[in-house]
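Some notes on the structure that comes next.
None of the values given here were measured: they were computed from a predicted structure.
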Amino acid sequence: MDRLEAARELLREFPVVDGHNDLPWALREQVGYDLDARDIATDQSAHLHTDLARLRAGGVGAQYWSVYVRSDLPDAVPATLEQIDCVRQLIARYPSALRAALTAADMEAARAEGRVASLMGAEGGHSIANSLATLRALYALGVRYMTLTHNDNVDWADSATDAPGVGGLSAFGREVVREMNREGMLVDLSHVAATTMRDALDATSAPVIFSHSSARAVCDHPRNIPDDVLERLPANGGMAMVTFVPKFVLQAAVDWTAAADENMREHGFHHLATTPEAMKVHRAFEERNPRPVATVSTVADHLDHMRETAGVDHIGIGGDYDGTAFTPDGLTDVSGYPNLIAELLDRGWSRTDLAKLTWQNAVRVLGAAEDVARDLQAARGPSNATITRPGRLSVRAP
């Protein structure tokens, strides 16, 4: 059996749990949630990284669908609800392929049925508008992780790509973490400043995740995870899910991306825009300035380092498909995961290690968060803390 077929065989038993896919936002941007116009039961390779056939070909068994909204939107909460509604529509529209999942047990049930367990993650604390009640409402609607920030700071937490605001987590930010623990919502530390990562690890009583981040020691980008943080994951029980975004995994791509982003802004587009018009601008820039190309091997280098630093029980995969304009060679879309597994087999990764990477670690971490929540709910009620001004904490009188 060749390595690629061995990879596919492994994924049939231990499919990929992917930590982050931005399909709902792509559907909003491209077609205003018109699912007939982007029917993922048909080939969407001209428009999207994701459709049902390519999910099957990639060996995906569970997907955290990002219910991301931009942090500069004036109405982040209703926009987040629209994203949640989009995921629900997808699950209802394709019941033979997708299954709603709220728990680790649901993930295992979906695997047994051959369906993709569909979970949701909110990308950025702006989606709760400084309200713990809104946080609880998102959990009730099925959101199972929240990234504490996106590219911009929130009032209570610093982002990796913004100027320091509160120095990591504020008092209210620590209360957000504690309330997420109590609900059973995973604390996602992708996008946050290293100070925020460390503060969150100090504050949490449940495992954390990085839904789509790579190793800073391999590619020095602020979106990536420093070694001292990776080294804390075994004690915490959490996991870091490697991302495929070239500008986060390939050092040569960092400067190129900065120039490409500036070009987008000069043409009137948000630097993360993936509309057809925006992609024309991207492609024209790339024709003039060939981009450095990441490969499957580039991503595997990060996983080798993350396994060595955090341990094989604390790593996973979070591709960020449909949330990035460019992808590595061999990982062009969601059908590419077998190529990564084949590369790791070539590097001597065992079947036991690969099963942890693709499936077992992510299921364990969600189950552990559920266990912590059960204990915390028996010990205390919901928090009524509020934020009165940036960084400060108060408690609303009954």
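Taking CG of Asp227 as the reference point, atom CZ of Arg216 lies at 11.0 Å (rounded to 0.5 Å). With rounding to the nearest 0.5 Å, the separation of CD1 in Ile387 from CG in Asn130 is 4.5 Å. A distance of 5.5 Å separates CG of Leu340 from CZ of Phe244, quoted to the nearest 0.5 Å. Summarising the geometry, atom CG belonging to Asp329 is positioned 9.0 Å from atom OG1 belonging to Thr298; distances are rounded to the nearest 0.5 Å.
The backbone N or O of Val245 sits nowhere less than 3.5 Å from a side-chain atom of Thr324 that would complete a donor-acceptor pair. Counting only distance, with no hydrogens or angles, the side chain of Thr204 and the backbone of Asp202 share no donor-acceptor pair below 3.5 Å.
With sequence neighbours left out, Asp39 forms a side chain to side chain contact (heavy atoms under 4.5 Å, CB included) with Ala41, Thr42, Arg93, Tyr94. Legend: residues meeting side-chain hydrogen bond (donor to acceptor under 3.5 Å, both in side chains) with Glu286, ordered by chain and number and at least two apart, are Arg291. With sequence neighbours excluded, the residues satisfying side-chain hydrogen bond (donor to acceptor under 3.5 Å, both in side chains) with Asn21 are Thr50. Residues satisfying the ring-ring contact (aromatic ring centres under 6.0 Å, His included) test with Trp25, not counting sequence neighbours, are Tyr68. Every residue was checked against the ring-ring contact (aromatic ring centres under 6.0 Å, His included) condition with Trp349, not counting sequence neighbours, and none meets it. Applying the ring-ring contact (aromatic ring centres under 6.0 Å, His included) test to His47 and every residue at least two apart in sequence or in another chain returns nothing. For Phe326, the ring-ring contact (aromatic ring centres under 6.0 Å, His included) partners are Trp256, His282, not counting sequence neighbours. By the side-chain hydrogen bond (donor to acceptor under 3.5 Å, both in side chains) test, Asp162 pairs with no residue at all, sequence neighbours left out. For the side-chain hydrogen bond (donor to acceptor under 3.5 Å, both in side chains) test, no residue two or more places apart in sequence or in another chain qualifies with Glu231. In this structure, the side chain to side chain contact (heavy atoms under 4.5 Å, CB included) partners of Ala133, at least two apart in sequence or on a different chain, are Ser131, Arg136. A search for side chain to side chain contact (heavy atoms under 4.5 Å, CB included) contacts involving Ala373 returns Gln377, not counting sequence neighbours.
Of all non-hydrogen atoms in Met180 and Val187, the two that sit nearest each other are CE-CA, 3.6 Å.
For residues 359-369, no residue pair satisfies the salt bridge (Lys or Arg N to Asp or Glu O under 4.0 Å) rule, not counting sequence neighbours.
A centroid separation of less than 6.0 Å is found between the aromatic rings of His221 and Phe248.
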>> For a side chain to side chain donor-acceptor pair (under 3.5 Å) check, start with the C-alpha distance between Thr275 and Glu29, then their side-chain angles and the critical distance, and finish with the verdict.
In response: CA-CA 6 Å; Thr275 61; Glu29 290 283 275; 5.8 Å; no
>> Could you walk me through whether Glu5 and Arg12 satisfy the salt bridge (charged side-chain N to carboxylate O under 4.0 Å, His left out) test, starting with their C-alpha distance in whole Å, then the side-chain angles of each, then the deciding distance to 0.1 Å, before giving a yes or no?
In response: CA-CA 11 Å; Glu5 181 50 39; Arg12 283 190 283 272; 2.9 Å; yes
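Annotation: cation-pi geometry not satisfied between Arg144 and Tyr64 (NZ/CZ under 6.0 angstrom from ring centroid, within 45° of ring axis). Note that Arg28 lies outside the cation-pi zone of Tyr33, set by a 6.0 Å cut-off to the ring centre and a 45° limit from the axis.
For the side-chain contact (heavy atoms from CB on, under 4.5 Å) criterion with Thr358, the lone passing option out of Ile341, Val17, Asp18 is Ile341. Here the options are Pro207, Ser213, Ser211, the test is side-chain contact (heavy atoms from CB on, under 4.5 Å), and the partner is Ile209; only Ser211 passes. None of His191, His302, His150 except one satisfies the ring pair (Phe, Tyr, Trp, His ring centres under 6.0 Å) rule with His212; the exception is His191. Screening Thr332, Asn339, Asp333 for a side-chain hydrogen bond (donor to acceptor under 3.5 Å, both in side chains) with Ser335, the sole residue that qualifies is Asp333.
Val218 and Leu303 fall into different hydrophobic clusters, where Ile, Leu, Val, Met, Phe, Trp and Tyr residues are linked whenever their side-chain heavy atoms come under 4.5 Å apart, directly or through other members.
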